[in-house]
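This is a predicted model, so every value here is computed, not measured. All ligand and atom numbering here is 1-based and tracks the order in the structure. The analysis underlying the following values was restricted to heavy atoms, covering all of them including side chains, and did not include hydrogens, waters or symmetry mates.
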Amino acid sequence: MFISVSLSKGGQAVNKPHNNGVICVPLQVMLVGDSGVGKTCLLVRFKDGAFLAGSFISTVGIDFRNKVLNIDALKVKLQIWDTAGQERFRSVTHAYYRDAHALLLLYDVTNKASFDNIKAWLTEIHEYAKQDVVLMLLGNKADATHERVVKREEGEKLAKEFAVPFMETSAKSGLNVELAFTAVARELKHRSQKESDEPTFQLEDYVNKEMKSAGCCRT
Ligand SMILES: Nc1nc2c(ncn2[C@@H]2O[C@H](COP(=O)(O)OP(=O)(O)OP(=O)(O)O)[C@@H](O)[C@H]2O)c(=O)[nH]1
């Protein structure tokens with residue numbers, strides 16, 4: 001069974017009758033963060049299970065890939081938008097915020113400036129994205145132990161300050177990559193089925209529970 005989603009006036013995802021296997025509107029997940037934090041690599045890891053090693057080619061404008069996830073016997077189609085982190089493409093990115101159902105905001109644990117810029121990204125998100133957008137903060141490149149300059153505790157503290165779920169990821173080792181996308185897809189799926197009797201889904205609780213059962217922070 002496929003899930004189809006439409007948007008109410010308030011931008012909330014609401015349940016809609018769907019034809020067998022026909023997806024009316026895929027769930028849009030947008031990757032944002034400074035240039036070089038690993039947005040494209042995270043997407044490629046999630047989509048193809050591979051790591052793009054070698055020379056770094058910056059995304060120009062915006063790119064997208066689709067992936068269908070099985071969540072509780074439902075097929076949830078994610079359309080994942082990979083945005084360019086470079087400042088000169090910022091106006092292109094702004095135009096896409098309002099259509100995003102979820103945002104994965106990345107910094108690079110080996111790059112302090114990318115972490116310091118998270119507050120500016122949050123301001124931008126507040127300005128351009130839907131008020132009820134699902135948001136998660138990701139500290140990427142957790143595998144790069146020797147180059148690390150941002151401690152996990154610093155990421156946790158920042159996330160707590162802004163009440164955003166948080167996890168460290170690695171596009172290189174695959175750490176928490178599937179979990180990050182699955183968690184936001186689950187949240188969106190639960191929102192889309194508001195009228196059901198299911199208990200309210202808590203994204204942060206789900207993430208913490210899954211990380212704990214996976215041994216938390218292994219790289
Ligand atoms: N060690 C390590 N390197 C990574 C990881 N993710 C990405 N990289 C490297 O970081 C560089 C930038 O990765 P990209 O995915 O292209 O970065 P981006 O955020 O898409 O950059 P823009 O397209 O400019 O916004 C590349 O050289 C990657 O190989 C990771 O998890 N661990």
Side-chain angles (χ1 to χ4, degrees), residues 28-67 78-97 100 102-125 128-129 135-152 154-156 158-159 164-184 207 210-211 214-219:
Q28 283 160 353
V29 180
M30 203 166 148
L31 300 170
V32 289
D34 279 8
S35 177
V37 296
K39 299 180 293 297
T40 301
C41 287
L42 198 84
L43 175 52
V44 171
R45 165 62 74 184
F46 177 59
K47 175 81 173 94
D48 305 327
F51 177 60
L52 284 180
S55 54
F56 162 36
I57 303 167
S58 255
T59 304
V60 173
I62 200 151
D63 194 10
F64 81 93
R65 310 280 289 271
N66 291 324
K67 180 152 174 164
L78 298 185
Q79 185 173 75
I80 305 155
W81 294 90
D82 176 20
T83 66
Q86 286 180 20
E87 188 80 42
R88 63 196 170 107
F89 296 114
R90 219 41 72 79
S91 57
V92 180
T93 312
H94 290 167
Y96 287 87
Y97 271 119
L103 296 171
L104 294 178
L105 171 59
L106 278 76
Y107 68 88
D108 170 356
V109 302
T110 72
N111 178 342
K112 183 73 164 56
S114 74
F115 179 70
D116 292 340
N117 286 337
I118 288 297
K119 284 185 184 169
W121 280 104
L122 288 168
T123 304
E124 188 165 305
I125 288 166
Y128 293 99
L135 177 61
M136 180 140 50
L137 179 65
L138 305 179
N140 192 40
K141 307 196 188 179
D143 61 277
T145 323
H146 299 302
E147 294 85 37
R148 178 190 280 273
V149 292
V150 184
K151 293 187 191 130
R152 184 160 54 85
E154 292 177 88
E156 284 170 348
L158 184 70
V164 178
F166 166 75
M167 66 178 78
E168 288 198 336
T169 56
S170 168
K172 188 172 182 178
S173 73
L175 174 79
N176 289 337
V177 176
E178 188 85 22
L179 176 59
F181 286 95
T182 308
V184 293
V207 164
E210 291 295 312
M211 283 203 294
C216 184
C217 310
R218 287 185 315 237
T219 52

Thr40, any N or O under 3.5 Å of ligand 1 N or O:
yes
Under 4.0 Å, heavy atoms only, figure out whether ligand 1 is touched by the backbone of Ala142, its side chain, both or neither.
neither
Parallel, tilted or perpendicular, judged at 30° and 60°: which one describes the rings of Trp81 and Tyr96?
tilted
If you draw the axis of the six-membered ring of Phe181, does the NZ or CZ of Lys67 fall within 45° of it and under 6.0 Å from the ring centre?
no
Work out which heavy atom in Lys39 is nearest to a heavy atom in Thr83; give both atom names and the distance.
CE-O, 3.1 Å
Any donor-acceptor N or O pair under 3.5 Å, side chains Asp143, Ser170
yes
Looking at ligand 1, does any of its N/O atoms fall within less than 3.5 Å of an N/O of Ala171?
yes
Less than 3.5 Å between some nitrogen or oxygen of Gly85 and one of ligand 1, yes or no?
yes
Return the closest protein heavy atom for atom 8 (N) of ligand 1 as residue, atom name and distance.
Lys141 CE, 3.6 Å
Any donor-acceptor pair under 3.5 Å linking the side-chain atoms of Asn140 with those of Asp108?
no
Counting only heavy atoms, which portion of Asp143 has something under 4.0 Å from ligand 1: side chain, backbone, both, or neither?
side chain
Between Phe51 and ligand 1, is there a nitrogen or oxygen pair with a distance under 3.5 Å?
no
For atom 25 (O) of ligand 1, which of Lys39, Gln86, Arg45, Glu147 has the closest heavy atom?
Lys39
To which protein heavy atom is atom 6 (N) of ligand 1 closest, and what is the distance rounded to 0.1 Å?
Asn140 ND2, 3.3 Å
Can you tell me which residue and heavy atom of the protein come closest to atom 28 (C) of ligand 1, and the distance to 0.1 Å?
Cys41 SG, 3.6 Å
Return a yes/no value for Phe56: is any of its N or O atoms, backbone included, closer than 3.5 angstrom to an N or O of ligand 1?
no
If you have a sec, work out which protein heavy atom is nearest atom 29 (O) of ligand 1 and how many Å separate them, to one decimal?
Leu52 O, 3.2 Å
Are Lys151 and Glu168 ion-paired here, with the side-chain N under 4.0 Å from a carboxylate O?
no
